[in-house]
Number of protein chains: 2
Amino acid sequence: MILDKRKIKILSAIIEDYIATAEPIGSRTIAKKYHIGISPATIRNEMADLEELGYISQPHTSAGRVPSNKGYRFYVDFLMPKQKLSPEEQILIGKLFKRRIGELEELVEEAAGVISKLTSYTTIILGPQLDTCGIKYIQISQLEEGKGLLIIVTDCGTISHNIIEIPSSLTESDLTKITNLLNDKLIGKTFSDISNEMIDTIKSEIIEYDEVLNILLDVLMQSLDDTCEQSKIVYSGSSKMLEYPEFKDVEKVKNFLTLLEQQVLLSKALKTTSKPDGITVTIGTENPLEEFQDYSLVTASFALGGKNLGICGIIGPTRMEYSKVVTVLKKFTDYLNRLSE
Amino acid sequence: MILDKRKIKILSAIIEDYIATAEPIGSRTIAKKYHIGISPATIRNEMADLEELGYISQPHTSAGRVPSNKGYRFYVDFLMPKQKLSPEEQILIGKLFKRRIGELEELVEEAAGVISKLTSYTTIILGPQLDTCGIKYIQISQLEEGKGLLIIVTDCGTISHNIIEIPSSLTESDLTKITNLLNDKLIGKTFSDISNEMIDTIKSEIIEYDEVLNILLDVLMQSLDDTCEQSKIVYSGSSKMLEYPEFKDVEKVKNFLTLLEQQVLLSKALKTTSKPDGITVTIGTENPLEEFQDYSLVTASFALGGKNLGICGIIGPTRMEYSKVVTVLKKFTDYLNRLSE
DNA sequence: TATTAGCACTCTTAACTATTGAGTGCTAAA
DNA sequence: TTTAGCACTCAATAGTTAAGAGTGCTAATA
């Protein structure tokens, strides 16, 4: 059954009012506040229909109506009005990009702050999946006897440093040679490209060097593996959630904060709900991960020059200002995309 | 007036019971639970004295007594029993140090997790103040046209990387020369040692190079300044606080979380309350920073080979398990110190 | 036939009251 | 100096009531 115009108007009113006030909304209020030109009694009839169809529900008999997840979904898909950001808000986002293009990490951290500020929800940003990043620059330098520094810069803008053990018999020039060789062989490759065979090839090419190089290469491989696994999660505005009346209960707050502390889970949630480009909205029980079914999650994958740089997620109550959140995220990714032109 | 033995016994009982239960404790309970061999009536008299002296107070007329900040202070200074860590706990701390000595940052992050787990309070670790760190290694490499990578390794174990702009007229060998020159001049110096004059000296020594070098050096200086300011704050277990009954009120939780989000404030708190070596306990209003006066803060400065590596702080309600916290922190710094031998 | 006014009914919330019980301080006796 | 006894205070709990918001149904109306 398709909703007729009047039902849509009523549903829309219920959802927007509930998003704004967090209070169940009754027929009288709708009639008064949203001048649809029909009486509360008629609205009641329509609401009964909407409830039967699963778009809204009643917390208890004598309360007003509250949107269901299905209702929010309909709203997000069809009803949600486009919003405009205020000039100040635009500037705030713009500022993120108006500085020397440095490291991705800095941008991500600042971005999380700004987005959380603009939306008033908690923002989680998952850094790039390193295994899909190409290696742009690789270097080993000697720090001190037996200790070296391995630097890897990727085309995703990440820089990683690892301290590695270096057999002390190696000379500076050995290291330079290895560095050059690694650059030759590995630049342009992604982390996941780097297989054991590839390392074996490198090993065979430096057969002239002695056994210690093997050791070094093994250490390197290990280090690459380690690096690959750390895809950083940054979050900002964890206390934002407490502003909302649905979190007046400490138990709920605890659940939420505990959730935020589980990086693996967050990362999984962002990965499973996002899609490679564009913005997704996952409402309550739509989320396959049980832990998130009390929340809504809006994600945006952001990319630069086709490279996936990470995922930005905004988490809030299902009664979320979807319109606002989507607008902010869209603006943000737009800026990023424009950057790559 | 000095407290006599009996008063001390009673005060001790009140504090320990309150730390354990968070409930005001009455004369009857003390008599029953802590067998001091005197009747509740006598205890009441003593408690009236203790209250007059400011060591305890009553939430309301018909409630038991609760320790005051002065009471906690007395406890921490004179009464607190030494605790022993269980073998499991010892192992957990030990593990932190039983791996290849890598970067400080990793250690710090893991340490925060472990300490917060052992104490059940929120742990905040402030990384080393970079301006007091000596530069151990410095390097500029070309990443791509116009873009270079500045790496600085300090003797505190921190590694920082900054992307800097490099005048495109510079060749690889120019960079090598500069890197060598910088290493010559700057290694062993601390960040705060590096003055403008020093840079000028360097500049004069490379007068043979052209103007672009000046630009590069200026960029470098800027970058050094930037690096110097970021002393990282890591915290772990922010939801731990919610376990305590004093935080059953959402408003309190909000205050606490907001506090944790203010890095500058945290950093200030740790710096002002800690002392260069050893452990400090700052109870409630003893803290000069108003924002912290509802909490207690236990800090430990940790150092390696005389170098200050940072400050570890544990924040919790004034009703804190001081004994446990101090023991854990002591063990932790002990391990670090042993490491430097 | 669709809409609306009217009304009885439901259920939450807030306010008020009474009761309970923990704990105290004081007094007088041991 | 210590203790038993007792009146008193005050928070917390439970029970009761009243108010109010909102509904669904029925019957009247356009």
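Heavy-atom basis, side chains included; hydrogens, waters and symmetry copies ignored. Proteins get letters first, then strands, A, B, ... in listed order; numbering begins at 1 in each.
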Trainee: Which sits closer to the 5' end of DNA chain D, A:E51 or B:I38, going by the nucleotide each is nearest to?
Mentor: B:I38
Trainee: Starting at atom CD1 of A:I43, determine the distance to atom C1' of D:dG22, rounded to an integer number of angstrom.
Mentor: 13 Å
Trainee: Should B:E286 and B:K70 count as an ion pair when the cut-off is N to O under 4.0 Å?
Mentor: no
Trainee: Base, backbone or nothing for each nucleotide of nucleotides 25-30 of chain D, written B, S, -, heavy atoms under 4.0 angstrom, 5' to 3'?
Mentor: ------
Trainee: If you check every side-chain atom of A:R6, which of C:dT3, C:dG25, D:dG24 has the closest atom?
Mentor: C:dT3
Trainee: Who passes side-chain hydrogen bond (donor to acceptor under 3.5 Å, both in side chains) against A:S238, sequence neighbours left out?
Mentor: B:E261
Trainee: Tell me yes or no: between the side chains of B:T273 and B:T280, is some donor less than 3.5 Å from an acceptor?
Mentor: no
Trainee: Rounded to whole angstroms, how far apart are CE on A:M47 and P on D:dG22?
Mentor: 9 Å
Trainee: Inspect the contact between B:D4 and B:K7 and indicate whether a charged nitrogen and a carboxylate oxygen are less than 4.0 angstrom apart.
Mentor: yes
Trainee: Should B:Y55 and B:Y75 be marked as a ring pair (Phe, Tyr, Trp, His ring centres under 6.0 Å) after you check the CA-CA gap, both sets of side-chain angles, and the distance that decides it?
Mentor: CA-CA 10 Å; B:Y55 291 103; B:Y75 177 76; over 10 Å; no
Trainee: Using atom CZ of A:R65 as one end and atom P of C:dC11 as the other, report the distance to the nearest whole Å.
Mentor: 14 Å
Trainee: Of all the choices, D:dC10, D:dT3, C:dT4, which nucleotide is nearest to the side chain of B:T42 once you look at every atom?
Mentor: D:dT3
Trainee: So if I take residues 21-33 of chain B and measure heavy-atom distances to DNA chain D, which residues fall below 4.0 Å?
Mentor: none
Trainee: Rounding to a whole Å, what distance do you find between B:H60:NE2 and C:dT24:P?
Mentor: 11 Å
Trainee: Sequence neighbours left out, what passes side chain to side chain contact (heavy atoms under 4.5 Å, CB included) with B:A112? Give chain and number order.
Mentor: B:T123, B:I125, B:V234, B:S236
Trainee: For A:E46 and D:dT23, what is the distance between atoms CD and C1' respectively, to the nearest whole Å?
Mentor: 16 Å
Trainee: Checking B:N69 now: which residues fulfil side-chain hydrogen bond (donor to acceptor under 3.5 Å, both in side chains) with it, not counting sequence neighbours?
Mentor: B:T285
Trainee: Which nucleotide in the list D:dT23, D:dC10, C:dT12 gets nearest to the side chain of B:T61?
Mentor: D:dC10
Trainee: For A:E52 and D:dT23, give me the distance from atom CD to atom C1', rounded to whole Å.
Mentor: 16 Å
Trainee: A:I10 CD1 to C:dT3 P: how many Å, rounded?
Mentor: 10 Å
Trainee: For the atom pair OG1 (A:T258) and CG (A:L265), what is the distance rounded to the nearest 0.5 Å?
Mentor: 11.0 Å
Trainee: With 3.5 Å as the limit, what N/O pairs link the protein to nucleotides 14-20 of chain D?
Mentor:
none

Trainee: Going by the angle between their ring planes, with limits at 30° and 60°, are A:Y121 and A:Y244 parallel, tilted or perpendicular?
Mentor: parallel
Trainee: Can you find a side-chain donor-acceptor pair between A:Y235 and A:S116 that sits under 3.5 Å?
Mentor: no
Trainee: Judged by modelled atom types alone, do B:N287 and B:Y295 share a side-chain donor-acceptor pair under 3.5 Å?
Mentor: no
